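Everything on this sheet refers to the single structure shown next.
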Amino acid sequence: MRVATWNVNSVKQRVPRLLPWLDERRPDVVCLQELKLADAAFDDLLGEELARRGYEAAVHGQTQWNGVAILSRVGLEDVVKGLADGPGFPDQEARAVAATCGGVRVHSVYVPNGREVDSDHYRYKLEWLKALRDVVAAGPEDVMVCGDVNIAPADADVYEPGAFEGHTHVTAAERGALGEFHALGLRDVVRDRWPTERIFTYWDYRAAMFQQNLGMRIDLILASGSVAARAKAAWVDRQARKSAGSKAAASKDGAPKVAGPSDHAPVFVDLDEAPDGDIGPVVPPPSAPRSGKSVRAPR
DNA sequence: ATGGCAGGAGCATCCTGA
């Protein structure tokens with residue numbers, strides 16, 4: 001089962017990239033963030049194209065800002081929009097949606113930005129993370145939290161730690177809130193797979209930050225131990241962050257403007273089948289051991 | 001310290017992002 005998460009920064013703007021990306025990468029489950037449109041508009045925009053590709057969609061959108069979704073072609077059950085007892089700013093925003101896909105409880109999340117340290121919005125961010133933690137803690141063991149967490153887990157996850165001193169995304173309180181998910185047993189599957197690599201998932205549009213690889217790793221796939229143990233591969237799809245064509249080609253008279261990228265890249269994890277056949281009817285041969293770990297150990 | 005770039009609302013420019 002291939003799971004991806006992508007902050008698309010307006011799904012309306014990203015359609016010319018999203019559909020070819022689905023066809024090329026063929027993820028089974030996709031968590032999207034920053035849809036920036038309402039549920040009905042999402043359905044009008046993509047409903048038919050997604051159905052043609054075999055995806056069901058759980059959408060929790062709103063006009064203008066935020067908005068999250070889960071696309072799945074391995075089942076989409078028990079959809080929950082928003083966070084139970086979650087805080088608002090001042091009203092609840094469309095920042096979380098959950099569904100059970102292929103036997104795994106999947107959460108697509110867009111964590112509040114925080115804006116300025118110790119601001120109202122920063123406190124809202126920390127409260128929101130606590131509410132998400134409580135929802136995950138109360139849920140099933142096989143769980144994934146995927147999305148834009150707006151926290152760089154460690155100094156190695158920002159291009160220049162000194163540039164972020166006193167800013168959000170790197171404070172001890174934010175990292176502590178992220179640590180609560182690890183305390184529940186969740187793993188950061190990309191960092192587990194690449195312990196010492198310099199990996200970013202977000203690059204500011206300005207000042208050619210992507211071309212210089214000056215970014216941050218703030219889009220994460222967190223998975224319970226039971227799910228993380230099935231991870232065969234985990235990576236960032238940098239290709240999706242690249243500009244499509246040369247400036248010369250894009251600026252030709254009358255030529256349609258080439259669709260630009262989101263400022264975030266997608267993150268992927270490939271999971272082996274569940275040992276007990278959660279994602280399909282798997283009947284072991286009579287002599288096969290019924291308990292214990294999968295024979296197909298992750299490489 | 002500020003701007004750089006991009007998107008949405010909506011029609012001038014402001015808010016948000018991180």
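Protein chains get the first letters and strands the later ones, always in sequence-line order, with residue 1 at the start of each. None of the values given here were measured: they were computed from a predicted structure.
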Integer angstrom distance from the [atom1] of [N] to that of [M]:
{"N": "B:dC11", "M": "B:dG7", "atom1": "C1'", "value": "16 Å"}
{"N": "B:dA12", "M": "B:dA1", "atom1": "P", "value": "34 Å"}
{"N": "B:dG10", "M": "B:dC15", "atom1": "P", "value": "14 Å"}

Sugar-phosphate, base or nothing in reach of A:Ser10, heavy atoms under 4.0 Å:
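The answer is sugar-phosphate, as A:Ser10 gets under 4.0 Å only of primed atoms, P, OP1 or OP2.
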
In whole angstroms, how far is the [atom2] atom of [N] from the [atom1] atom of [X]?
{"X": "A:Arg17", "N": "B:dG7", "atom1": "CZ", "atom2": "C1'", "value": "15 Å"}
{"X": "A:Asn66", "N": "B:dG8", "atom1": "CG", "atom2": "P", "value": "13 Å"}
{"X": "A:His167", "N": "B:dT2", "atom1": "NE2", "atom2": "P", "value": "10 Å"}
{"X": "A:Phe200", "N": "B:dA18", "atom1": "CZ", "atom2": "P", "value": "16 Å"}
{"X": "A:Leu214", "N": "B:dC5", "atom1": "CG", "atom2": "P", "value": "16 Å"}
{"X": "A:Tyr124", "N": "B:dG17", "atom1": "OH", "atom2": "P", "value": "10 Å"}
{"X": "A:Lys36", "N": "B:dA6", "atom1": "NZ", "atom2": "P", "value": "12 Å"}
{"X": "A:Lys125", "N": "B:dT16", "atom1": "NZ", "atom2": "C1'", "value": "14 Å"}

Within residues 202-213 of chain A, find the residues that approach DNA chain B with a heavy atom at under 4.0 Å, and present them sorted by residue number.
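Heavy-atom cutoff 4.0 Å gives A:Tyr202, A:Tyr205, A:Arg206.
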
For residues 34-76 of chain A, which residue pairs qualify under ring pair (Phe, Tyr, Trp, His ring centres under 6.0 Å), counting only residues two or more places apart or in two chains?
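Residue pairs with at least one partner in residues 34-76 of chain A: there are none.
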
Mind jotting down which residue pairs meet the ring pair (Phe, Tyr, Trp, His ring centres under 6.0 Å) criterion with at least one end in residues 136-162 of chain A? Sequence neighbours excluded, please.
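Only A:Tyr159-A:Phe164 qualify under ring pair (Phe, Tyr, Trp, His ring centres under 6.0 Å).
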
Compare the minimum distances between each of [options] and the side chain of [X], then state the nucleotide with the smallest one.
{"X": "A:Arg115", "options": "B:dG8, B:dG17, B:dA18", "answer": "B:dG17"}
{"X": "A:Gln64", "options": "B:dA9, B:dG17, B:dC15", "answer": "B:dA9"}
{"X": "A:His121", "options": "B:dG17, B:dT16, B:dA18", "answer": "B:dG17"}

Does [X] place a side-chain N or O at less than 4.0 Å from the phosphate oxygens OP1/OP2 of [N]?
{"X": "A:Tyr110", "N": "B:dA18", "result": "yes"}
{"X": "A:Asn9", "N": "B:dG7", "result": "no"}
{"X": "A:Ser262", "N": "B:dA6", "result": "no"}
{"X": "A:Gln13", "N": "B:dG8", "result": "yes"}
{"X": "A:His264", "N": "B:dA18", "result": "yes"}
{"X": "A:Asn150", "N": "B:dA18", "result": "yes"}

What orientation do A:His121 and A:Phe89 show, parallel under 30°, tilted 30 to 60°, or perpendicular over 60°?
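The rings of A:His121 and A:Phe89 stand perpendicular, inter-plane angle above 60°.
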
Aromatic rings A:Phe210 and A:Trp203: how do their planes relate, parallel, tilted or perpendicular, breaks at 30° and 60°?
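Because their plane-to-plane angle is over 60°, the rings of A:Phe210 and A:Trp203 count as perpendicular.
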
Most 5' of A:Glu34 and A:Thr63 on DNA chain B, judged by nearest nucleotide:
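The 5'-side residue here is A:Thr63.
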
Is any side-chain N of the basic residue among A:Lys81 and A:Asp39 closer than 4.0 Å to the acidic one's carboxylate O?
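A salt bridge is present here (some side-chain N lies under 4.0 Å from a carboxylate O).
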
From A:Met1 atom CE to A:Glu273 atom CD, the distance as rounded to the nearest 0.5 Å
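If we round to the nearest 0.5 Å, A:Met1:CE and A:Glu273:CD are 11.0 Å apart.
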
Would you compute the distance between atom OH of A:Tyr110 and atom CG of A:Asp148 and round it to the nearest 0.5 angstrom?
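One finds 6.0 Å between OH of A:Tyr110 and CG of A:Asp148.
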
Are any of the side-chain heavy atoms of A:His169 and A:Asp157 separated by less than 4.5 Å?
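Not touching, per the 4.5 Å side-chain cut-off.
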
